[in-house]
Amino acid sequence: MSVRVRFAPSPTGYLHIGGARTALFNWLYARHCGGKLVLRIEDTDAARNTQEATDAILNGLRWLGLAWDEGPLTGDATGAGRGDRGPYFQSQRRENYQRRVEALLQHDLAYERDGAIRFRMRREATVFEDLIVGEVRRELTDREQEDPDFVIVRSDGQPVFHLTNVVDDLEMGITHVIRGEDHLSNTPKHIALFEAFGVPAPKYAHIPLILNPNGSKMSKRDEGASLQTYVEEGYAPEAVLNYLCLLGWSPKDNQEFLNADELVERFDLPQVLRHNARFDLAKLQWMNGQYLARLNDDRFHELCVHALGRAGIDTNRFPVAYVKAALDTCRGKLKTFSELPGYAGFYFADAVEYDPEAARTQFVAEARPRLLRLREAYAGLGDFNAGMLEAQLKNTAGELGVKAGVLVHPVRLACTGKTSGPSLYHLLEVLGKARVLELLDRALAAIPG
RNA sequence: GGCGCGUUCGUCUAUCGGUUUAGGACGCGGCCCUCUCAAGGCCGAAAGACGGGUUCGACUCCCGUACGCGCUGCCA
């Protein structure tokens, strides 16, 4: 029997980082086994589930590159889907639940009380084998000792999670349920429901949770909990994917950089760790920087242009060769693309704005004659390339009897407005002679004395 | 409270009873490189929660305690 797994998020407004990893593990397992990944939207709570919320999930999964074999195509619950086990929105499956509940009622496996329908739960401990956790033996809690039955349909007619989840997994032919460990304690209920429906329960694999840096459960409002944050801050999806799978899973050989193909090849359920992991933003940032440095030129340029565009910088106003040359000076310098506008914005700005603090320390009277000297030297340069620019600057510094840095800092400030940025000589080369001389003249005019 | 799961450097992890002075990575500190900021190179500090067993031998197996997380809802 071929493997069928599913990712079944509830549209709460965005894709949670923990949910993204659950989706990732499901996707990896499906691909690893040559099985299918089903995406199901658990939107039974109509009041707070909107199409935008579902779109956020779909877009998040697409951004990560996690394609599903069956499921919705858009966030529209009544819209088209792919696959023959739909609908894939729970809000469209009311009849399925009703039919199943009728059957339960008829066989006296459920009963009505106070207007709600309750399932007759077994009255003893449940033992099951979890693919990750191992054998789990769950005794009845004190509350369950008194009354183990639980509600499957509310008095307002709404079916509850335990019921819909099981009915859908059953009808969608799910063979492996890979989900967060927060569901481990619910599993006996689900197994009992499957048995009541006369079918064996699927195999279960509960993955550990992702915690905040302080060890608390990462949820909703927590910093960095939304995948959208990483999309917006210019992370490379391949880096986020790589980092996420290292939370709770390890290739065991100290290799940390794995692309999607390698992950699919090596991922398997038994190697998933059993304990929760804390989310470490610093390591994600480092890893993202590594990915950025290794991206091929086209992809790097593409993502750069995108990031600049988001910041309101339109690179289309400039020659393609200029843009590429400018961006090349940023290679290996960024940890995230959100840093790019501030780092390379000067290449595309009409006027340079001097950092006030830096201007106060660099644009002082003594700097004026030195800058003037360099300006004249640069004006006489035929070949305006990095090598020549460096040689000339050092030469001028020598004549002035100062260290190179004494010239470097004011020149950088004059041309970029900042105290840090790409390699000075390379940046000057990209800017070009005319522009550099113009910028130096402007700086000279701004320096007192 | 009850039930379940977990516990190796600050963090992510390797180790699946002896090959280990417990390895790698992030972060942190130092040095080098250097036009700034990064990157890169080198070096360093840093861990088996605690207590009992089992065993010739335990981080690794068992029990207890502590701590953490989860579930305990007519939320999902």
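Atom set for the values below is all heavy atoms of this structure, side chains included, hydrogens, waters and symmetry mates excluded. Not measured: the values here are computed from a predicted model.
Within the 4.0 Å cut-off from OP1 or OP2 of C12(B), not a single side-chain nitrogen or oxygen of Lys252(A) is found. For Arg154(A) and C75(B), the shortest distance from a side-chain N or O to OP1 or OP2 is below 4.0 Å. The phosphate of A76(B) has neither OP1 nor OP2 within less than 4.0 Å of any side-chain N or O from Arg179(A). For A76(B), one of the phosphate oxygens OP1 or OP2 lies less than 4.0 angstrom from a side-chain nitrogen or oxygen of Thr44(A). The phosphate of U7(B) (OP1 or OP2) has a side-chain N or O of His275(A) nearer than 4.0 angstrom. At C35(B), one or more side-chain N or O atoms of Lys394(A) fall inside 4.0 Å of OP1 or OP2 (strictly under the cut-off). Between Gln290(A) and the phosphate of G40(B), there is a side-chain N or O to OP1/OP2 separation shorter than 4.0 Å.
Here the C1' atom of nucleotide U36(B) and the CZ atom of Phe346(A) are 12 Å apart, to the nearest Å. Counting to the nearest Å, the C1' atom of A38(B) and the CG atom of Leu327(A) are 17 Å from each other. Counting to the nearest Å, the P atom of A76(B) and the CG atom of Asp169(A) are 15 Å from each other. In this structure, Phe128(A) places its CZ atom 16 Å from P of C3(B), rounding to the nearest Å. Separating the CZ atom of Phe257(A) from the C1' atom of G24(B) is a distance of 13 Å, rounded to the nearest angstrom. Spacing between atom CG of Asn242(A) and atom C1' of C26(B) amounts to 13 Å, rounded to whole angstrom units. Atom CZ in Phe279(A) sits roughly 21 Å away from atom P in A25(B) (whole-Å rounding). With rounding to whole Å, Trp286(A) atom CH2 is found 18 Å from U11(B) atom P.
You'll find a donor-acceptor pair under 3.5 Å spanning the side chain of Ser155(A) and the base of C74(B), going by distance alone. A donor-acceptor contact under 3.5 Å is not formed by the side chain of Lys335(A) with the base of A38(B). The base of C35(B) is paired with the side chain of Arg412(A) by a donor and an acceptor separated by under 3.5 Å. No hydrogens or angles were tested; on distance alone, a donor-acceptor pair under 3.5 Å links the side chain of Tyr343(A) to the base of C37(B). Contact of Asn276(A) with G6(B) (side chain to base): no donor-acceptor pair of N or O atoms is detected under 3.5 Å.
If you check G27(B), C74(B), C35(B) against the side chain of Asp114(A), the one that comes closest is C74(B). In the set C35(B), C37(B), A76(B), C35(B) carries the atom at the smallest distance from any side-chain atom of Val408(A). In the set C69(B), A25(B), U11(B), A25(B) carries the atom at the smallest distance from any side-chain atom of Lys283(A). Closest to the Lys333(A) side chain, of the nucleotides C5(B), G24(B), U36(B), is U36(B). Of the candidate nucleotides C69(B), U36(B), C12(B), C69(B) has the atom nearest to the side chain of Leu209(A). Residue Glu42(A) has its side chain nearest to A76(B) when only C69(B), C26(B), A76(B) are considered. Listed candidates were U36(B), C26(B), C69(B). Nearest to the side chain of Asp280(A) is C26(B). Of all nucleotides listed (G4(B), A76(B), A14(B)), A76(B) comes nearest to the side chain of Phe161(A). Closest contact between the side chain of Glu139(A) and the listed nucleotides C74(B), U36(B), C3(B) involves C3(B). Listed nucleotides C35(B), G4(B), U72(B) differ in distance to Arg138(A); the shortest reach to its side chain belongs to G4(B).
Residues Pro208(A) and Val272(A) meet the side-chain proximity criterion, which asks for heavy atoms closer than 4.5 Å. A heavy-atom distance below 4.5 Å is not found between the side chains of Val38(A) and Phe7(A). In this structure, the side chains of Lys335(A) and Leu292(A) stay at 4.5 Å or more apart for every pair of heavy atoms. For the pair Lys324(A)/Val430(A), no side-chain contact is recorded, criterion being any heavy-atom separation below 4.5 Å from C-beta on.
As judged by a 4.0 angstrom heavy-atom cut-off over every strand, Gly215(A) is placed among residues touching the sugar-phosphate backbone only. Note on His183(A): a base of the nucleic acid sits closer than 4.0 angstrom, heavy atoms only. Across all strands, Ala277(A) comes closer than 4.0 Å only to sugar-phosphate atoms, never to a base (heavy-atom distances). Residue Phe150(A) is out of contact with every strand shown, counting any heavy-atom pair closer than 4.0 Å. The residue Leu246(A) sits close only to the backbone: its heavy atoms come under 4.0 Å of sugar-phosphate atoms, none of a base. Among the heavy atoms of the strands, none lies under 4.0 Å from Arg118(A). In this structure, Thr164(A) reaches neither bases nor backbone, as no heavy-atom distance under 4.0 Å exists between it and the strands shown.
The separation of U7(B) from G64(B), taken at their C1' atoms, amounts to 15 Å, rounded to a whole angstrom. Taking atom P in both A58(B) and G51(B), the straight-line distance is 14 Å, to the nearest Å. A gap of 47 Å separates the P atoms of U54(B) and C28(B), to the nearest Å. Only the C1' atoms considered, G2(B) is 39 Å distant from A46(B), to the nearest whole Å. C37(B) and G30(B): their P atoms are spaced 14 Å apart (whole Å). Comparing the same atom, P, in G52(B) and in G6(B) gives a spacing of 24 Å after rounding to whole Å. With P as the reference atom, A22(B) and G48(B) are 11 Å apart, rounded to whole Å. Spacing of P atoms, G23(B) relative to G40(B), comes out at 23 Å, to the nearest Å.
Remark: C67(B) base-pairs with G6(B); criterion is Watson-Crick or G-U wobble with both hydrogen-bond distances under 3.5 Å. Across all strands shown, U55(B) remains unpaired; no Watson-Crick or G-U wobble contact has both distances below 3.5 Å. The pairing partner recorded for G73(B) is none, the criterion being a Watson-Crick or G-U wobble arrangement whose two distances lie under 3.5 angstrom. Of the nucleotides present, A25(B) is the one that pairs with U11(B) by Watson-Crick or G-U wobble criteria, both distances under 3.5 Å. Base pairing of U60(B) is not made with any nucleotide, judged by Watson-Crick or G-U wobble geometry with both donor-acceptor distances under 3.5 Å.
Using a cut-off of 4.0 Å between Lys/Arg side-chain N and Asp/Glu carboxylate O, Glu95(A) and Arg93(A) are scored as not salt-bridged. Salt bridge annotation for Arg85(A)-Glu70(A): absent, with no cationic side-chain nitrogen under 4.0 angstrom from a carboxylate oxygen. Taking a cutoff of 4.0 Å between a charged side-chain nitrogen and a carboxylate oxygen, Arg100(A) and Asp168(A) do not qualify as a salt bridge.
Sequence order on RNA chain B of the closest nucleotides to Arg143(A) and Thr419(A) puts Thr419(A) first from the 5' end. RNA chain B is contacted by both Glu256(A) and Pro422(A); Glu256(A) maps to the nucleotide lying nearer its 5′ end (nearest heavy atom per residue).
Taking the six-membered ring for Trp and the full ring otherwise, the centers of Phe363(A) and Tyr354(A) sit less than 6.0 Å from each other. Aromatic rings from Phe25(A) and Phe267(A) are positioned such that their centres are separated by under 6.0 Å.
No donor-acceptor distance shorter than 3.5 angstrom exists from the side chain of His190(A) to the backbone of Val166(A), with no hydrogens or angles considered.
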